Amino acid sequence: EKGNYRHFMEKEIHEQPESCQRTLSAFANPVSGQTTVPGGLNFAEVERIQIIACGTAFYAGEIGRYAFEKLAGLPCDVEVASEFRYRQPALTKGTLALAVSQSGETADTLAGLTWCKAQGFKTACLVNVHTSSMAREAEIVWPTWAGPEIGVASTKAFTAQVSALLALAVAAARQRGRIDAAEETRLVARLFEAPGLIAQAVADHSEAMTAVAHDLAGARDVLFLGRGAMFPLAMEGALKLKEISYIHAEGYAAGELKHGPIALIDEATPVVVLAPPDEVFEKTVSNVQEVAARGAEVILITSQDAKVPHAPGLRRIVAPDCDPFIAPLVYAVPVQLLAYLTAVQKGTDVDQPRNLAKSVTVE
Ligand code: M6R
């Protein structure tokens, strides 16, 4: 039940500290500082990962890809299942097929998984419903522990998927000899900082947040920009806003701005920029200046201390200070809150958006 919350989505946003903690605990131990891979897979024997997913789970997969490649040096592809299943992809020997799904029932994702299994590839799934069709189909079942998600717009299942994928990337890095035990312990400690930082982000009832949501509610189009793991999170932010507020939104890699989308920029198109202070921060800031100079309203989500140049039309939403490794978990919250508050402002049916079903079991 909803308890004191207006919507399941609001409740589920608030449940993320616990769902993240529970999920991390299935893949890592905060006391020993070690990761574990449920089902006993050894990533040293895996040559490539092929992630198959739809919607929000696809964006979680993209965030996972950045971590698998950067930390573990493990090649990783991510594809939307509806394309993957019909195009006869040329997977190479040693590929692990990984289906990512909240429900474990999404028709296209399940079909992609079944296809990989029939071709003789090793299969795994990362699912929130542990008794689902995908859990029965895959050789290895990795659980997320978000608990039942009722809101059609996925929130806590997404951060649970990202938590699991980041922890698995650390495990893979260790098993493949890319990091030593001390670095594993350091990264596990960073991961377990996420639940507390998510709790801080969830408690943001700042005027800035409310005022921005108010403005977004009046927009026809909104752009989301980010670099690195913030790029898939930008696409996730755009999807969230579309789904529940019916505002057209696009997520772009900030570096792609000049290659087309900058033509859209005007006073009426707010631009939400996800910019944790990481190694690409300066580059993202220069993109901010480009759009601000064209009169756009820029909403910059970054930490309190990040040095941001003054620009007219630039507003800041403060995200908790965090290690860049866990920024996708922490920054997911302001992105979800913006979409949620904008939809509430517009008065849409947040938990049951038009035309959408929670689980897409037909293609
Ligand atoms: O159950 P699944 O994770 O397989 O569902 C995939 C998508 O249908 C789902 O993430 C959808 O995009 C959500 N409505 C996003 O909020």
Side-chain angles (χ1 to χ4, degrees), residues 7-13 15-16 19 23 51-64 78-85 97-114 116 123-138 141-165 224 232-247 249-251 328 332-333 335-340 342-343 348-363:
H7 301 98
F8 280 107
M9 183 181 179
E10 186 187 26
K11 175 168 178 269
E12 288 161 2
I13 289 173
E15 284 171 347
Q16 290 178 112
S19 53
T23 302
I51 296 178
I52 319 157
C54 300
T56 286
F58 168 73
Y59 299 132
E62 285 280 8
I63 292 171
V78 190
E79 189 165 356
V80 288
S82 54
E83 283 304 308
F84 179 85
R85 67 176 290 195
L98 170 58
V100 179
S101 173
Q102 187 285 127
S103 62
E105 301 296 344
T106 300
D108 286 325
T109 310
L110 180 60
L113 182 67
T114 304
C116 291
T123 54
C125 67
L126 181 63
V127 286
N128 196 44
V129 180
H130 307 161
T131 53
S132 57
S133 303
M134 284 179 220
R136 288 195 300 273
E137 182 76 355
V141 181
W142 288 326
T144 52
W145 291 93
E149 192 181 60
I150 311 292
V152 165
S154 183
T155 52
K156 63 176 180 170
F158 171 72
T159 47
Q161 287 159 352
V162 173
S163 301
L165 291 167
F224 285 76
L233 190 62
M235 293 192 281
E236 165 61 5
L239 176 64
K240 229 53 336 149
L241 191 68
K242 266 182 250 201
E243 278 190 299
I244 58 170
S245 71
Y246 315 144
I247 296 168
E250 297 284 346
V333 177
V335 161
Q336 295 165 347
L337 284 175
L338 272 186
Y340 174 71
T342 303
T348 55
D349 187 348
V350 171
D351 286 331
Q352 283 292 329
R354 67 187 181 202
N355 309 336
L356 289 173
K358 179 66 184 160
S359 181
V360 186
T361 52
V362 288
E363 59 178 304

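Numbering starts at 1 and runs along the sequence shown. Ligands are counted one by one from 1 in listed order, and the atoms in each one are counted from 1 as well. When reading the values below, keep in mind they use all heavy atoms of this one structure, side chains included, and skip hydrogens, waters and symmetry mates. Owing to the predicted nature of the structure, the values given are computational and were not obtained by experimental measurement.
- If you check which protein heavy atom lies closest to atom 4 (O) of ligand 1, you get Thr106 OG1, 2.4 Å.
- Ligand 1 places these atoms under 4.0 Å from at least one heavy atom of Ala153: 16 (O).
- Not a single heavy atom of Ser359 sits under 4.0 Å from any atom of ligand 1.
- Not a single donor-acceptor pair under 3.5 Å links the side chain of His130 to the backbone N or O of Trp142.
- Nearest protein neighbour of atom 7 (C) of ligand 1, counting heavy atoms only, is Cys54 O, 3.6 Å.
- Atoms of ligand 1 lying under 4.0 Å from any heavy atom of Lys240, numbered from 1 in the order shown and given with element: 15 (C), 16 (O).
- A side-chain N or O of Gln16 and one of Thr159 form a donor-acceptor pair less than 3.5 Å apart.
- In this structure, the protein non-hydrogen atom closest to atom 8 (O) of ligand 1 is Val360 CG2, 4.1 Å.
- Summary of contacts: the protein heavy atom closest to atom 9 (C) of ligand 1 is Thr56 N, 4.1 Å.
- For Thr109, no nitrogen or oxygen atom sits less than 3.5 Å from a nitrogen or oxygen atom of ligand 1, counting backbone and side chain alike.
- For ligand 1, the polar-atom distance check against Ser103 finds a nitrogen or oxygen pair separated by under 3.5 Å.
- Between Lys358 and ligand 1, no pair of N/O atoms sits closer than 3.5 Å.
- The side chain to side chain donor-acceptor pair (under 3.5 Å) test applied to Glu15 returns Lys11, Lys156, not counting sequence neighbours.
- Here the rule is side-chain contact (heavy atoms from CB on, under 4.5 Å) with Ser154, and of Glu243, Glu236, Gln161, Glu149 only Glu149 fits it.
- Using a 4.0 Å cut-off between heavy atoms, Glu243 contacts ligand 1 through its side chain alone, with no backbone atom that close.
- The residue Glu105 has no part lying near ligand 1, judged by heavy-atom distances below 4.0 Å.
- For Gly55, no nitrogen or oxygen atom sits less than 3.5 Å from a nitrogen or oxygen atom of ligand 1, counting backbone and side chain alike.
- Atom 3 (O) of ligand 1 has as its closest protein heavy atom Gln102 N, 2.6 Å.
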